[in-house]
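Below is one structure, written out as structure tokens; comments come after it.
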Amino acid sequence: MLDIKFIRENPGLVRLGLRNKNAADVVDKVLELDEQRRSIIAKVEDLKAKRNQVSSQIPMMKKTGQDTTTVFAEMKRVGDEIAMLDGQLRTIESELEDILRYTPNLAHSSVPVGSSAEQNVEVRKWLPDGFAFENDFKILDHVELGKKLSIMDFDRGTKISGSGFPLYIGKGATLERALINFMLDYHLHNHNYSEVFPPVLVNKESMMGTGQLPKMEEDMYSIEKDGLYPVPTAEVPITNIHRDEILAEKDLPIKYAGYTPCFRREAGSYGKEYKGLLRVHQFNKVEMVKFSKPENSYNELELLVNDAEDILKALNVPYRILLLCTGDLSFSAAKCYDIETWSPAEKKWLEASSCSNFEAFQARRANIRFRREETKKPEFVHTLNGSGLATSRLMVSILENYQTPEGKIIVPKVLQKYTGFEVIG
RNA sequence: GGAAAGGUGGCAGAGCGGUUGAAUGCGGCAGUCUCGAAAACUGUUGUACCGGUUACGGUAUCGGGGGUUCGAAUCCCCCCCUUUCCGCCA
């Protein structure tokens, strides 16, 4: 949620920022409602002050036997007027809140302006020693490998649940589990994150807090009977750990890493990158979440990206970093880097991680603050998160990059102690 | 699924129609004392919003929403949540 005071004081900036994010210009409407709101508040609070003042004298009047009928009649009128104005105020405030809840965050000034993914900027690229984009043998794609080696069964996954629900079998299942454990351990031991294992069904307030609701409702699974949502990312439960809390400045930054399965309806995206693991309704992801002081959050973002990159370097998987342009940024993000790993079969880069700074956008929605020692006042924290990483896309890159001309898979060195085997096939 | 109890400030815990933002205790902060610390004593200590350059003034807030009333933490209605017991169960 954007800060209403900021909009009031910087309408031009906000207007430009919304346009850069391909969002509707709500500035005039917001300012108008804000104006009305404040004018009613002034009136109604005046009346309430009067009522309180008179009320406090009534016990004394009764004690001294004064007649209260005129006062009561007068206060009755005041009460009615208050009720009327309060009603108007409620209507205006809910309209204002509705607009603000549907309004995206603004991009940071360091984000390149652009309307679509075309304008994203490649920041850097990392390739393993001896890596080549062209191979001297026929590369099988991950679906073919999965079938040939009996490590993934998409048909049976479809039988069980529907398309987009992958079934890992045998060494494929072990490899998936090894990846999750490796990544979590790595972040805990080398990057100093605290481990969390959160609930994967969350309530509406949590989904509102991180910004998935109300706008992205169509992309979320929901369990209507119980008012719960399967999480689309661990970002939701982990960020909401501190909803409605005031954190101590000395505890910041707080860094959590956790694994959850992720559930996404992917409404309207059928036919696009649908093959195998490329776009699925359920996948596994290790997520990193940070709560930071505002002045440090952009530095923390760079560190977050490095933390995700370290995993890929350890796995020896080729990747590149993209800085997303304003038009490609997600609803809640102020700045975001995508990490893409190379798929030799698809001959393209696949998004395996997204590392974002949300500044105070989520904190304001979820009411997550910290008390600054110097001022003693609560302030909103900045929240950040990044995949570290999603296994589905990563699995594609690992299988395809580690395949041998005989169609076997060499297990990446760092995973071997987790899998207990070195080769698949 | 059945039964009961309960949701009050950072925490514990009073209040059950009228100067109650809310007793008391703990905690936090500041001061006195001390070479320093502890103890003791004294003071202070929520948040949000509105107005004001500041000082400050005002409003709201006792799980959420609605109602009764001149006036609600206190009375009435609806909802949510938590705890305990019984049943079921990984």
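Residue numbers begin at 1 in each chain, while the letters A, B, ... track the order of the sequences. Any value given below was found using the heavy atoms of this structure, including those in side chains, with hydrogens, waters and symmetry copies removed.
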If we take the [atom1] atom in both [N] and [M], what is their distance in whole Å?
N     : M     : atom1 : answer
B:U53 : B:G43 : C1'   : 31 Å
B:C70 : B:C79 : C1'   : 29 Å
B:C62 : B:G51 : P     : 24 Å
B:G65 : B:U44 : C1'   : 36 Å
B:G67 : B:A55 : P     : 37 Å
B:C26 : B:U42 : P     : 11 Å
B:U8  : B:G71 : P     : 27 Å
B:C35 : B:C49 : C1'   : 50 Å

Query - NZ or CZ of A:Lys204 within 45° of A:Tyr229 ring axis and under 6.0 Å - result: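 Checked: cation-pi criterion not met.
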
If only side-chain N and O atoms count, and only distance matters, is there a donor-acceptor pair under 3.5 Å linking [Y] with [X]?
X        : Y        : answer
A:Asn284 : A:Tyr259 : yes
A:Tyr256 : A:Glu195 : no
A:Ser332 : A:Asn105 : no

Query - Counterpart residues, salt bridge (charged side-chain N to carboxylate O under 4.0 Å, His left out), relative to A:Asp34 (two or more places apart) - result: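 For A:Asp34, the residues satisfying salt bridge (charged side-chain N to carboxylate O under 4.0 Å, His left out) (neighbours in sequence not counted) are A:Arg8, A:Arg37, A:Arg38.
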
Report summary line: Parsed dot-bracket for RNA chain B after applying the Watson-Crick and G-U rules with both distances under 3.5 Å and | for other-strand partners is ((((((((.[[[..)..(.....]]]((((((.......))))))((((((....)))))).[[[[[..)....]]]]])))))))....

**Report entry** Residue closer to the 5' end of RNA chain B, A:Met75 versus A:Glu93 (nearest nucleotide)
**Finding:**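 Nearest-nucleotide comparison on RNA chain B picks A:Glu93.
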
Query raised in the report: Hey, which of these two, A:Pro59 or A:Asp46, hits RNA chain B nearer its 5' end, going by closest nucleotide?
Result: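 Per heavy-atom nearest nucleotide, the more 5' residue is A:Pro59.
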
**Report entry** Among A:Glu359, A:Gln362, A:Arg364, A:Arg365, side-chain contact (heavy atoms from CB on, under 4.5 Å) partner for A:Phe380
**Finding:**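 With A:Phe380 as partner, A:Glu359, A:Gln362, A:Arg364, A:Arg365 yield a single side-chain contact (heavy atoms from CB on, under 4.5 Å), made by A:Arg364.
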
What does [X] touch in the nucleic acid at a heavy-atom separation under 4.0 angstrom: a base, only the sugar-phosphate, or nothing?
X        : result
A:Arg90  : sugar-phosphate
A:Arg364 : nothing
A:Asn52  : sugar-phosphate
A:Ile41  : sugar-phosphate

Report task. Provide the full list of ring-ring contact (aromatic ring centres under 6.0 Å, His included) pairs with a residue in residues 22-68 of chain A, sequence neighbours left out, each pair given once. Result ->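 Output for this query is empty, none listed.
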
Requested in this report: Give every residue pair that meets the ring-ring contact (aromatic ring centres under 6.0 Å, His included) criterion with at least one member in residues 359-378 of chain A, sequence neighbours excluded.
Outcome: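 Non-adjacent pairs meeting ring-ring contact (aromatic ring centres under 6.0 Å, His included): A:Phe331-A:Phe361.
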
Query raised in the report: Taking any atom under 4.0 angstrom from a heavy atom of chain A, which nucleotides of RNA chain B are the first and last to qualify, 5' to 3'?
Result: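 Contact boundaries, 5' end first: B:G18 to B:G71.
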
Query - Listed partners of A:Tyr418 passing ring pair (Phe, Tyr, Trp, His ring centres under 6.0 Å), at least two apart - result: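 A:Tyr418 satisfies ring pair (Phe, Tyr, Trp, His ring centres under 6.0 Å) with no other residue.
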
